[in-house]
Asker: 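Please find one structure pasted underneath; my questions will follow.
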Amino acid sequence: MIDVLPLACDLIAAESVTPARGRVFDVLEAALVPLGFAVERFVAGEAPDGPVENMLATRGGGGTHLAFAGHVDVVPAGEGWTAGAFVPDVRGDLLHGRGAVDMKGAIAAFVAAVARSGDTGPLTLIITGDEEGPATYGTVSLIERMRERDIAPDLCLVGEPTSVHALGDMVKIGRRGSVNIWIDVPGRQGHVAYPHLADNPIPRLVSALAALDALVLDEGSDWFQPSNLEITDITVGNPATNVIPAHASARISIRFNDLHRGEELAARVASIVREHAPDAIVTPRISGEAFLTEPGALSALVSAAVQEVTARVPELSTTGGTSDARFLRALCPVVEFGLLNATMHKTDEAVAIADLEQLTAIYAAIIRRVRGG
């Protein structure tokens, strides 16, 4: 048997700021091998988005092939922790430490659930060291490796922290897409007293941003909230008070629902910008498309397991940011379920020890139900 709390502590103690490599994977491998998993670790990619370490842990058998996906990398700790961010700190009913919620606690719970369930059916753990960063060589590379090895799960559960107020109150069945767009408007530098000899790019940029800010993309769809466009940065970088700058730039972020595609939105933004600044350079980066796992057998199975353990009926939702489920949906139906997200990425990130135990029980119930039990 594997106790979820010591395993969660060991994972937290293995410092793993994104991109994670080395010791944190050692801890996880040591827990999985005695459970009969064949563990493959590999490094993918080069700078600037790599190298990234990833892990595939597979176990054969007959029946429905369940995959569990997660990440062992964490965001930087920041300042102000009561104890060290990578020193597992049990205070009262809570376990504190970077990754306790997002998402080392869930990984520990799933491993403990496998041990507790006594399951012998086919399982795959898809674990990356880069979900919090660019995610260029993380889960994408894992999916490529799975296809090379003909590993084809039937269902996938992602252990992201989806619960909001109480463990089990929300299951994610989809996510909005995400595109970031950089806008650079060129001008011509000159003295402010002689504007006719210069070309100020700032008014054109401001006009374009005003038009974008007024844009209503949609009113939402059956399972998604309205798409939103946000201006996230404006930069001129002009240290002088008497100089018209040579360029001005901005960045916007769009989180969009299933009524749109990233390329279409990027083209729409570029068209609006160039109405106000014809010479603008518009550079999009699409992080993922919106997707939905239609409510059905998988979400019903997970919801039933949650209700069995907690007596709660989870809300099916597509809210929140992006996750690696946006890549995993290419393999099979995927849903996300995990711990409370209230303290993720915060100083003194913490998980209730009782929630770790309950999550282990829920994951064990999911495994049993996948097997028809």
Asker: Cation-pi between Arg145 and Phe42: NZ/CZ under 6.0 Å from ring centre and within 45° of the ring axis?
Answerer: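 Positive - Arg145 is close enough to the ring of Phe42 and near enough to its axis.
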
Asker: Can you give me the closest heavy-atom contact between Val24 and Ser16, atom names plus distance?
Answerer: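 Smallest interatomic distance, heavy atoms only, reads CG1-CB, 3.9 Å.
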
Asker: Would you kindly check if the NZ (Lys) or CZ (Arg) of Arg41 is within the cone defined by 45 degrees around the ring axis of Phe25 and under 6.0 Å from the six-membered ring centre?
Answerer: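 Verdict for Phe25: no cation-pi partner in Arg41.
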
Asker: Taking only Lys NZ, Arg NE, NH1 and NH2, and the carboxylate oxygens of Asp or Glu, determine whether Glu230 and Arg255 approach each other closer than 4.0 Å.
Answerer: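 Between Arg255 and Glu230 there is no salt bridge, as every charged N stays at least 4.0 Å from the carboxylate O atoms.
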
Asker: Determine yes or no for a side-chain-to-main-chain donor-acceptor pair under 3.5 angstrom, with Arg59 supplying the side chain and Leu35 the backbone.
Answerer: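 Side chain of Arg59 to backbone of Leu35: a pair is present.
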
Asker: Is there a continuous path of hydrophobic side-chain contacts, each under 4.5 Å between heavy atoms, that joins Val302 to Leu292?
Answerer: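 Both belong to a single hydrophobic cluster.
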
Asker: If you measure from the Lys or Arg side-chain nitrogens to the Asp or Glu carboxylate oxygens, is any gap between Arg268 and Glu263 under 4.0 Å?
Answerer: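 Judged by the 4.0 Å cut-off on N to carboxylate O distance, Arg268 and Glu263 do not form a salt bridge.
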
Asker: Can Arg204 and Glu275 be counted as an ion pair, charged N to O under 4.0 angstrom?
Answerer: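 No salt bridge links Arg204 with Glu275.
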
Asker: Do NZ/NE/NH1/NH2 and the carboxylate oxygens of Asp49 and Arg285 come within less than 4.0 Å?
Answerer: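 Judged by the 4.0 Å cut-off on N to carboxylate O distance, Asp49 and Arg285 do form a salt bridge.
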
Asker: Measuring centre to centre across the rings, with the benzene-like ring taken for any Trp, is Phe68 within less than 6.0 Å of Tyr363?
Answerer: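 Between Phe68 and Tyr363, the centre distance is under 6.0 Å.
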
Asker: Salt bridge check: are Arg175 and Glu336 linked by an N-O gap of less than 4.0 Å?
Answerer: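 Yes.
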
Asker: With Ser221, which of Asp258, Asn257, Thr318 fulfils side chain to side chain donor-acceptor pair (under 3.5 Å)?
Answerer: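 Only one of Asp258, Asn257, Thr318 forms a side chain to side chain donor-acceptor pair (under 3.5 Å) with Ser221, namely Asp258.
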
